[in-house]
Amino acid sequence: MKKQAISFEITHICKQSGARTGILHTPHGDVLTPMFMPVGTAASVKFISPEELYEMNAGIILANTYHCMLRPGEDIIEQAGGLHKFMNYNNPILTDSGGFQVFSLADSRKITEEGVHFKSHLDGSALFISPEKSIEIQNKLGADIIMAFDECPPYPVSREYMEKSVARTLRWAQRCKDAHQKEGQQALFGIVQGGEFKDIRRFSAQELVKMDFEGYAIGGTSVGESKETLYRMIDYSMIDLPKDKVKYLMGVGSSDALLEGILKGVDMFDCVLPTRIARHGTLMTSQGRVNIKRAEYADDFTALDPECDCYCCKNYTKAYLRHLYRSNEGLGTRLLSIHNLRFLIKLMEDARAAINEDRFLDFKEEFFKKHNLNSKDSRGF
RNA sequence: GGGAGGGUAGCGAAGUGGCUAAACGCGGCAGACUGUAAAUCUGUUCCCUUAGGGUUCGGCAGUUCGAAUCUGCCUCCUCCCA
């Protein structure tokens with residue numbers, strides 16, 4: 001029997017929708033699925049302390065290999081005793097491999113069969129990440145779940161490019177598996193790619209399944225495609241993935257896409273959207289998106305979201321939040337980030353309850369109806 | 001009392017005869033953001049409903065085909081000397 005770092009237990013399948021709830025057992029405790037994972041790229045969920053993350057019922061959070069390698073460096077984090085101790089976060093952590101930076105830092109990198117040459121966005125120095133290097137770093141960072149080093153291809157891209165990219169990412173996936181030194185302590189996930197091409201997505205998934213990963217991610221999403229395309233990408237990716245394994249849709253964080261993803265069988269999501277837009281003054285609320293900067297809130301002394309139970313909504317008014325934002329007071333950034341994160345975490349809690357009560361389809365339809373959404377909205381909410 | 005320098009859109013500040021309704025910054029108004037190079041970026045910001053038109057650069061009167069830019073007077077502000 002192979003050593004497993006995590007185990008996934010499906011607890012209920014919704015009779016109405018087929019969506020599922022589960023428990024993911026990790027070295028740092030159990031988390032319930034489906035779940036939303038806050039992103040803490042540089043070993044920090046921007047502006048948010050671990051205590052605040054616990055209070056909002058966050059489970060797994062992310063950190064990023066590329067950014068942690070640059071600062072403070074993986075050796076420092078290893079010396080600290082790993083990410084959990086370094087960050088003082090005791091719930092599970094997942095590290096992304098640096099594959100997304102192949103996409104987001106496309107102007108300053110070169111892909112070769114061996115790996116990816118980056119030009120540091122900090123000082124221009126030459127960096128190199130191979131599948132082996134990414135896994136070595138992630139082994140040192142010590143997260144509960146680590147990701148295979150992949151190419152997150154841009155969108156759209158030619159079929160020819162995608163075929164080559166996916167073939168290389170599959171070779172890299174095997175190399176990641178071979179390089180992994182901490183099986184039994186860290187679960188390694190494979191990442192399905194293939195863009196909008198059904199056969200390539202299926203091929204990618206089938207080949208990854210042969211390699212037998214502890215979990216599977218759907219990647220190459222949230223790179224500029226429409227919601228409709230995103231949903232097709234999920235469908236294509238899911239066809240060949242084993243039902244009993246945990247599935248992770250990467251980079252998706254608008255609430256409509258979360259609910260669609262759950263309906264399609266996704267268990268884990270992550271996204272910078274809630275924290276980023278919070279920093280920019282936009283909030284996800286039960287009343288839809290709210291831009292706290294707007295003049296109309298200057299003397300609005302009601303809560304940001306009357307249906308929200310977060311620290312921000314329980315204690316502060318829109319007028320005060322607007323004042324904090326406009327005055328560039330850090331407290332505003334923190335309160336708004338807390339709210340948006342809690343909004344998505346709560347949405348997942350509600351979704352789990354609906355699944356467990358066999359009414360997830362109703363739940364999703366009510367949510368879409370309430371916010372005037374449909375499955376083709378490109379912007380969504 | 002003598003001398004010097006100034007008054008430009010909400011604020012600060014360029015511009016010193018036509019390419020100027022007037023750079024730029026701030027402030028204001030609105031928008032975007034999806035495995036984080038993002039406390040960032042974009043649009044807009046004299047008036048009129050667009051094309052376009054109408055009024056502007058302390059005030060008034062001039063010079064000129066044409067003035068925020070030149071001249072005279074008035075007015076206000078700052079600094080230096082008494």
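Here is the naming used below: chain letters follow the sequence lines, and residue numbers restart at 1 for every chain.
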query = More 5' along RNA chain B: A/R289 or A/L105, using each one's nearest nucleotide?
reply = A/R289
inquiry  = Pairing check on B/U63: which nucleotide meets the Watson-Crick or G-U wobble criteria with it, both distances under 3.5 Å?
reply    = none
inquiry  = Once you apply a heavy-atom cut-off of 4.0 Å, does A/R326 come out as touching a base, just sugar-phosphate, or nothing?
reply    = sugar-phosphate
request  = Ignoring backbone atoms, test whether A/Q101 places a side-chain nitrogen or oxygen under 4.0 Å from the OP1 or OP2 oxygen of B/G35.
outcome  = no
ask   = Expressed as a whole number of Å, how far does the P atom of B/G17 sit from that of B/U78?
value = 30 Å
ask   = Is the distance between the ring centroids of A/Y54 and A/Y89 less than 6.0 Å?
value = yes
message = Checking salt bridge (charged side-chain N to carboxylate O under 4.0 Å, His left out) between A/R171 and each of A/E207, A/E151, A/E114, A/E113, which is the one that passes?
response = A/E113
request  = Count the heavy atoms of every other residue, nucleotide or ligand shown that sit under 6.0 Å from NZ of A/K177, and state whether that count exceeds 12.
outcome  = yes
inquiry  = Please report the distance, rounded to the nearest Å, between CG in A/N340 and P in B/A39.
reply    = 15 Å
request  = With C1' as the reference atom in both, quote the distance from B/A38 to B/U45 in angstrom, rounded to an integer.
outcome  = 25 Å
query = For B/A38, what is the paired nucleotide under Watson-Crick or G-U wobble rules, both distances under 3.5 Å?
reply = none
message = Roughly how many Å apart are B/C41 and B/C33, using the C1' atom of each and rounding to a whole number?
response = 9 Å
query = Reckon A/Q193 touches a base, only the sugar-phosphate, or nothing at all at heavy-atom distances under 4.0 Å?
reply = base
ask   = Of the nucleotides B/A39, B/C33, B/A37, which one has an atom closest to the side chain of A/F47?
value = B/A39
task = Check whether any side-chain N or O of A/R71 sits under 4.0 Å from OP1 or OP2 of B/A37, and answer yes or no.
result = no
message = Could you tell me how far B/U40 sits from B/A23 if I compare only their P atoms? Round to whole Å.
response = 24 Å
request  = Classify the side chain of A/T275 versus the base of B/U36 as yes if they form a donor-acceptor pair under 3.5 Å and no if they do not.
outcome  = yes
inquiry  = By the 4.0 Å heavy-atom rule, please label A/D270 as base, sugar-phosphate, or nothing.
reply    = sugar-phosphate
task = Would you mind pulling out the nucleotide paired to B/A23, Watson-Crick or G-U wobble, both distances under 3.5 Å?
result = none
ask   = Rounded to whole angstroms, how far apart are CG on A/D96 and C1' on B/U36?
value = 11 Å
query = Roughly how far apart, to the nearest Å, are B/G6 and B/A13 at atom C1'?
reply = 14 Å
task = Find the distance A/I277:CD1 to B/A30:P and express it as a whole number of Å.
result = 17 Å
ask   = Taking the P atom of each, how far is B/C11 from B/G27, in whole Å?
value = 15 Å
Counterpart base for B/G5, defined by Watson-Crick or G-U wobble contacts under 3.5 Å = B/C77
request  = Report yes if a side-chain nitrogen or oxygen of A/N64 is closer than 4.0 Å to either non-bridging phosphate oxygen (OP1 or OP2) of B/U36; otherwise report no.
outcome  = yes
task = Can you measure from CD1 (A/I48) to CG (A/L53) and round to the nearest 0.5 angstrom?
result = 6.5 Å
inquiry  = Side chain of A/T41 only, heavy atoms from C-beta on: which candidate in B/A32, B/G35, B/U36 is closest?
reply    = B/U36
request  = Mind checking A/S254 for me? I need base, sugar-phosphate or nothing, with any heavy atom below 4.0 Å counting as a touch.
outcome  = base
query = In whole angstroms, how far is the P atom of B/G35 from the CH2 atom of A/W172?
reply = 20 Å
task = Verify the cluster assignment for A/I191 and A/F213: are they in a single hydrophobic cluster under the rule of side-chain heavy atoms below 4.5 Å apart?
result = no
ask   = Between A/Q193 and A/D150, what is the shortest heavy-atom contact and its length?
value = NE2-OD2, 2.8 Å
ask   = Just how far, in rounded Å, is P of B/C41 from CZ of A/R279?
value = 13 Å
task = Give a yes or no on whether a donor-acceptor pair under 3.5 Å exists between the nucleobase atoms of B/G31, that is its base, and the side chain of A/K293.
result = yes
inquiry  = Just to be sure I understand the rule, does A/L62 reach a base, reach only the sugar-phosphate, or reach nothing, if contact means heavy atoms closer than 4.0 Å?
reply    = sugar-phosphate
request  = Assess whether atom CZ of A/F197 is packed by more than 12 heavy atoms of other residues, nucleotides or ligands within 6.0 Å.
outcome  = yes
request  = Could you work out which one of B/G35, B/A39, B/U36 sits closest to the side chain of A/N328?
outcome  = B/A39
ask   = How many Å lie between CG on A/L141 and P on B/G35, as a whole number?
value = 19 Å
inquiry  = So if I apply the side chain to side chain contact (heavy atoms under 4.5 Å, CB included) rule between A/D270 and each of A/V252, A/I60, A/L62, which one comes out positive?
reply    = A/L62
request  = Answer yes or no: does a side-chain N or O of A/R276 lie under 4.0 Å from OP1 or OP2 of B/U34?
outcome  = yes
inquiry  = Work out how far the C1' atom of B/C79 is from that of B/A30, and round it to whole angstrom.
reply    = 44 Å
query = Hey, does A/G224 reach any base, or is it just sugar-phosphate, or nothing, if we go heavy atoms under 4.0 Å?
reply = nothing
note = A/L122 atom CG is separated from B/A38 atom P, nearest whole Å, by 9 Å
inquiry  = What I want to find out is whether A/D244 reaches A/R20 closely enough, with some N-O distance under 4.0 Å, to be called a salt bridge.
reply    = no
message = Does the structure show a Watson-Crick or G-U wobble partner for B/U44, both distances under 3.5 Å? Name it, or say none.
response = B/G28
remark   = Heavy-atom nearest nucleotide on RNA chain B taken for A/V252 and for A/Y325; more 5' hit belongs to A/V252
Donor-acceptor pair under 3.5 Å, A/D150 side chain vs B/G35 base = yes
inquiry  = I want to verify a distance call: between B/C29, B/A37, B/U36, whose nearest atom is closest to the A/S104 side chain?
reply    = B/A37
ask   = Whom does B/U49 pair with, Watson-Crick or G-U wobble, provided both distances fall under 3.5 Å?
value = none
query = A/H280 on top of B/U40's base, within under 5.5 Å and under 30°?
reply = yes
query = Between B/G35, B/U34, B/U36, which nucleotide has the shortest distance from any of its atoms to the side chain of A/M250?
reply = B/G35
ask   = Base, sugar-phosphate, or nothing for A/G253, non-hydrogen atoms under 4.0 angstrom?
value = base
ask   = For A/Y297 and B/A30, what is the distance between atoms OH and P respectively, to the nearest whole Å?
value = 10 Å
inquiry  = Taking only the C1' atom of each, what is the distance from B/U69 to B/G58 in whole angstrom?
reply    = 15 Å
